Engineer: 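Please see the structure below; I have some questions.
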Amino acid sequence: MTDLDAQARAILRGNDKGGYTLPTHGLYPYQWNWDSAFAAWGFATFDNSRAWDELDTLMASQWDTGMVPHIIFHQPDPGYFPGPDVWGTGQSPATSGISQPPVAATLARLIWDMDPQAGRDRIAVLYPKLVAWHRWWHEVRCTHGPVAIIHPWESGRDNCPDWDIGMAGVDGTRVGPYTRRDTGHVNPDMRPTKEDYDRYITMVEYGRSVDWDQDRIVADGPFLMADPGITFILLRAHDDLAAIGRALGHDVSEIEGWAGALRAALPALWNDKLGAYDAKDLRTDRFAGILGSGAFLAYLADAENPALDTQLMRVWNAVTYGIPSADPESVSFNPRKYWRGPTWPVVNALLALGFKGSGRTDLAERLRSETETLIRQHGFYEYFDPLDATPCGGADFSWTAAIWLTWARHHPDTALKGAA
Ligand code: DGY
């Protein structure tokens, strides 16, 4: 074990609140959905049982509808805004009212592969809950074909340029008074703007005003966009969930049906003019017209093609470290602003899983080695400037530590089956 391995484990242990893991202290003081699934994957490299505990805690806050919320507010923390009162979902423990990228089934499958015997009983308990969550995505968020999101935060790629067109339709000028907390924890230049926040909070206020009636929000809410990123993540996760179900001896035809329907909806996300998959404003039926990491997640779902390959190499070769979250040749590119350009180790790991799955081991290794360099040089930051490697956002980040342990470090001794 190297020093960095020890540091990565210490970060996961240090952010462990007993059954759930904070993304990082200060900036994100609760349990976040996809962060938690990645933390579980990281724990699985040295404490398999703790990995399953993380997923159990996440799924324990599933709503009756099947939705698994994006934040679970286990303990009050005045250092975060918007907290449980602003969301007002009435859940116990309190939660937000939207979901987040459903990576859990994909990562649960990898965790199970790492210790099949120890994992069998654990995954058998999780399986019906994952099925209910995937059913929710299919029935509530896939009514337009691809996955629709009702808030940019649902995508996990909060302020990426993909959402600009939909955000422009949200009137943030009548939001009530509020104080942001994120800009007190990290450099404000690396965070979303005030205009973005006014709109984010307006959308939360709308959701609360309709008691988080998801059908109504999809029909009438201020924001509804098709997200290539979650579409590809869900498609991959459907396949992984079906594989888990088969191994447990279940009939998985329902899951296969969801996957088939989602794959059939992919052409609706292809923007010929852009030469790539693209986000779409479902209120106006207009494409965003911007390339970003959401489109490249097509590799994760075996949905790539030669045109996308060309775009990938153009975007990737325009930077030095990792795949950027937005197109460096677009006017909105900002290499240090959250999802508007920085490279994210966690997305790089997903993309590499996709490259490996389609036999592109050269691309998977290039991405791993660039991500390794970033972490070796600067530590376990939330994201990095892809041009000069400047570390950005929060430090001692759980998912970056997890990605180090599972993938970015070179570790022939614990090479993970199925991982890149
Ligand atoms: C935040 O607070 O920035 C989160 O990304 C919302 O989920």
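Given the structure is predicted, the values throughout are model-derived calculations rather than measurements. Along the sequence shown, residues are numbered consecutively beginning with 1. Every number for a ligand or one of its atoms is a count from 1 in the order of the listing.
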Engineer: I want to know if ligand 1 touches Q100 in the polar sense, i.e. an N/O pair below 3.5 angstrom.
Structural biologist: no

Engineer: Tell me, which protein residue and heavy-atom name are nearest atom 3 (O) of ligand 1, and how many Å apart are they?
Structural biologist: R191 NH2, 2.8 Å

Engineer: Between H151 and ligand 1, which residue portion shows a heavy-atom distance shorter than 4.0 Å: side chain, backbone, both, or neither?
Structural biologist: neither

Engineer: Are Y338 and ligand 1 in contact, using a heavy-atom cut-off of under 4.0 Å?
Structural biologist: yes

Engineer: I'd like to know if the side chain of T373 reaches the main chain of S369, judged simply by a donor and an acceptor atom lying under 3.5 Å from each other, with no hydrogens or angles considered.
Structural biologist: yes

Engineer: Which ligand 1 atoms are under 4.0 Å away from a heavy-atom of H70?
Structural biologist: 6 (C), 7 (O)

Engineer: So, is W153 polar-close to ligand 1, with some N/O to N/O distance under 3.5 Å?
Structural biologist: no

Engineer: Among D158, N334, D164, which residue meets the side chain to side chain donor-acceptor pair (under 3.5 Å) test with R340?
Structural biologist: D164

Engineer: Give a yes/no verdict on whether any heavy atom in D182 is under 4.0 Å from an atom of ligand 1.
Structural biologist: no

Engineer: Of all the heavy atoms in Y28, does at least one lie under 4.0 Å from an atom in ligand 1?
Structural biologist: yes

Engineer: Which of the atoms in ligand 1, numbered in the order shown and given with their element, are less than 4.0 Å from a heavy-atom of Y197?
Structural biologist: 2 (O), 3 (O)

Engineer: Does N317 CG have over 12 foreign heavy atoms under 6.0 Å away?
Structural biologist: yes

Engineer: For atom 4 (C) of ligand 1, what is the nearest protein heavy atom, given as residue, atom name and distance?
Structural biologist: D158 OD2, 3.6 Å

Engineer: Is it the case that the side chains of W339 and S293 hold a donor-acceptor pair, with the cut-off being a distance below 3.5 Å and no angle test?
Structural biologist: no

Engineer: Give a yes/no verdict on whether any heavy atom in F81 is under 4.0 Å from an atom of ligand 1.
Structural biologist: no

Engineer: Can you run down the ring pair (Phe, Tyr, Trp, His ring centres under 6.0 Å) pairs that involve residues 218-244, sequence neighbours left out, and say none if there aren't any?
Structural biologist: H134-H238, F232-Y277, H238-W258

Engineer: Using heavy atoms and a 4.0 Å limit, tell me yes or no: is W34 in contact with ligand 1?
Structural biologist: no

Engineer: Counting only heavy atoms not in R286, do more than 12 sit closer than 6.0 Å to its CZ atom?
Structural biologist: no

Engineer: Measure across W87 and P82 and return the closest heavy-atom pair with its distance rounded to 0.1 Å.
Structural biologist: NE1-O, 3.1 Å

Engineer: Pair I111, L55 - check side chain to side chain contact (heavy atoms under 4.5 Å, CB included), show working.
Structural biologist: CA-CA 11 Å; I111 294 167; L55 295 175; 4.2 Å; yes

Engineer: State whether a side-chain donor-acceptor pair under 3.5 Å links T371 with N348.
Structural biologist: yes

Engineer: Which heavy atom of the protein is the closest neighbour of atom 2 (O) of ligand 1, given with residue, atom name and distance?
Structural biologist: Y80 OH, 2.6 Å

